[in-house]
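A short worksheet on the structure shown next.
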Amino acid sequence: MMALRSVLLGVGGHLPERVLTNAELAERVDTSDEWIVARTGIRERRIAADGEKTSDLAIKAARAALEHAGRDAHDVDLIIVATATPDLTFPATAARVQAALGVVKGAAFDLQAVCSGFIFALATADNFLAREQAKLALVIGAETFSRIVDWEDRGTCVLFGDGAGAVVLEAQTCDTQRGVISTFLRTDGRMHDLLYVDGGPSETQTTGKLRMIGNAVFRQAVEHISGAMLEACARAGVSIDTVDWFVPHQANQRILDGVARRLGIPVEKVISTVAVHGNTSAASVPLALDAGVSDGRIKKGDLVLMEALGGGLTWGAALVRM
Ligand code: UT7
């Protein structure tokens with residue numbers, strides 16, 4: 001059956017040059033490489049250089065995705081930047097990205113769902129394309145969490161990194177099995193104080209620092225992520241066994257393993273970049289997707305299930321045929 005679909009034409013990523021190792025962190029706070037690797041799987045993460053902004057990373061990831069898609073920036077008519085670390089309070093980081101790419105049509109806006117941001121942005125773009133309100137969309141996850149991490153707090157500063165990933169989606173009338181097949185999004189604001197930043201323009205007139213009750217978030221993660229993945233599959237009428245690749249939010253290797261165990265997913269089907277990226281929040285899913293596509297594991301025609309959970313709490317999943 002033919003239908004209007006959001007087809008994923010290209011993916012790209014960008015990481016800052018500076019690598020921050022566990023050994024370097026152990027010189028700053030009371031931690032160790034052994035603890036970080038055993039509890040999270042993280043070995044190193046990237047940190048933006050002084051003056052390097054979220055938009056700088058987003059622009060580079062967007063250019064890489066457009067090149068991979070073989071599309072010109074001038075044809076883009078929708079840009080959504082998922083970020084919790086915008087360059088400024090306003091205007092949207094997406095507006096800067098749009099200007100830098102030379103895009104002069106359509107809308108560009110930021111979307112805030114913290115670590116789930118890319119999944120929320122993908123679902124939002126899919127709805128715009130399905131309603132024929134846009135034709136060619138750039139969906140970007142970009143973060144500089146190094147700017148909001150409390151570098152004195154060993155419970156959080158070892159977890160996060162900077163980076164950006166992007167995809168190009170085009171509305172195409174094609175076989176219904178291609179493109180974004182289903183999405184599932186959830187927010188439960190009752191858990192807003194498990195993971196938050198303790199500053200903002202309205203409440204404190206400061207930027208604030210990231211605060212997290214890590215083990216409480218961990219307990220929510222495996223259950224809600226598993227549920228979201230099953231729901232996205234159920235909405236598409238596909239069995240989770242038929243999924244070729246799982247592209248999870250890269251918060252903690254133990255969460256990836258826990259979800260895989262719970263759903264009976266072979267670990268070889270799970271793309272993991274957490275060891276070298278850490279948790280890059282909204283950038284983590286597109287960066288992991290980019291890694292899987294770049295090294296040839298994820299191929300055209302493969303069924304890919306992405307998922308994330310983050311502050312809000314927010315969580316969700318997206319099923320895409322590449
Ligand atoms: O991306 C958004 C979603 N975020 C997540 O999904 C993160 C979810 N949470 C986690 O990944 C884990 O909870 C953490 C990695 C943050 C923590 O691991 P945990 O196994 O849940 O440890 P815990 O918080 O229960 O802490 C255990 C112990 C504590 O010591 P005591 O109180 O038992 O003496 C902590 O103080 O580990 C201690 N600890 C550390 N020790 C060495 C906490 N951070 C560190 C550290 N190095 N960096």
Side-chain angles (χ1 to χ4, degrees), residues 6 8-16 48 52-69 71 73 75-129 133-134 136-148 160-170 180 183 185 197 200-201 207 249 279-290 306 308 310-312 314 316 318:
S6 309
L8 203 157
L9 294 182
V11 54
H14 182 77
L15 292 161
E52 195 171 26
K53 303 180 294 297
T54 294
S55 63
D56 297 322
L57 307 179
I59 290 159
K60 287 182 175 146
R63 287 202 173 113
L66 284 165
E67 192 181 332
H68 185 229
R71 286 292 190 278
D75 296 326
V76 171
D77 55 3
L78 176 66
I79 300 174
I80 308 179
V81 176
T83 187
T85 46
D87 290 9
L88 300 169
T89 303
F90 78 79
T93 300
R96 283 189 162 177
V97 173
Q98 189 203 44
L101 294 176
V103 176
V104 290
K105 62 182 179 182
F109 57 89
D110 288 359
L111 185 149
Q112 225 289 39
V114 205
C115 299
S116 310
F118 180 78
I119 303 289
F120 276 57
L122 190 75
T124 304
D126 179 42
N127 278 284
F128 270 82
L129 297 182
Q133 291 182 350
L136 192 68
L138 257 174
V139 180
I140 306 168
E143 304 278 18
T144 48
F145 260 50
S146 61
R147 312 305 198 222
I148 55 164
F160 295 94
D162 301 336
V167 299
V168 176
L169 290 179
E170 186 173 57
V180 179
T183 57
L185 307 180
V197 169
T207 307
H249 170 48
N279 182 346
T280 57
S281 184
S284 100
V285 170
L287 275 171
L289 183 69
D290 184 49
M306 304 175 232
T314 53

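In this chain, residues are counted from 1 in sequence order. Excluded from the calculations below are hydrogen atoms, water molecules and symmetry mates; all remaining heavy atoms, backbone and side chain alike, are included.
Between L169 and L122 the shortest side-chain heavy-atom distance falls below 4.5 Å. Side-chain contact between L138 and V168: present, with at least one pair of heavy atoms (C-beta onward) separated by less than 4.5 Å. The shortest side-chain heavy-atom distance between T144 and K53 does not fall under the 4.5 Å cut-off. Put simply, the side chain of F160 does not reach to within 4.5 Å of the side chain of T85, judged on heavy atoms. Counting heavy atoms from C-beta on, the side chains of F120 and I80 never come closer than 4.5 Å. Counting heavy atoms from C-beta on, the side chains of D290 and H68 never come closer than 4.5 Å.
Of the possible polar contacts, none joining the H14 side chain to the A164 backbone as a donor-acceptor pair under 3.5 Å is found. The backbone N or O of V114 lies less than 3.5 Å from a partner atom in the side chain of Q112, making a donor-acceptor pair. Checked by atom type and distance alone, the side chain of E143 never pairs as donor or acceptor with a backbone atom of T280 at under 3.5 Å.
Scanning both residues, L287 and G13, for their nearest heavy atoms gives CD2-CA, 3.9 Å. Nearest approach of F109 to L78, heavy atoms of both residues: CE2-CD1, 3.9 Å. Heavy atoms only, all atoms of each residue included: A308 and V285 are closest at CB-CG2, 4.4 Å. Closest of all the heavy-atom pairs between G163 and P16 is CA-CD, 4.1 Å. Between I140 and A62, the closest heavy-atom pair is CD1-CB, 3.9 Å. Closest approach of L129 and A134 over heavy atoms only: CD2-O, 3.2 Å.
Every residue meeting the side chain to side chain contact (heavy atoms under 4.5 Å, CB included) condition with E170, not counting sequence neighbours, appears here in chain and number order: L9, R71, K135, L136, Q172.
In the model, D110 has no side-chain atom that pairs as donor or acceptor with a side-chain atom of T83 under 3.5 Å. Between the side chains of T93 and S55, no donor N or O sits under 3.5 Å from an acceptor N or O.
Partner of R96 under the side chain to side chain contact (heavy atoms under 4.5 Å, CB included) criterion, chosen from I59, V81, T54, L88: L88.
Other residues, nucleotides and ligands contribute only 12 or fewer heavy atoms inside 6.0 Å of the CD atom of E67.
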Carefully, step by step, assess I119 and T183 under the rule side-chain contact (heavy atoms from CB on, under 4.5 Å).
CA-CA 8 Å; I119 303 289; T183 57; 5.8 Å; no

Dump the intermediate steps for side-chain contact (heavy atoms from CB on, under 4.5 Å) on E52 and D162, then the final yes or no. CA-CA 10 Å; E52 195 171 26; D162 301 336; over 6 Å; no

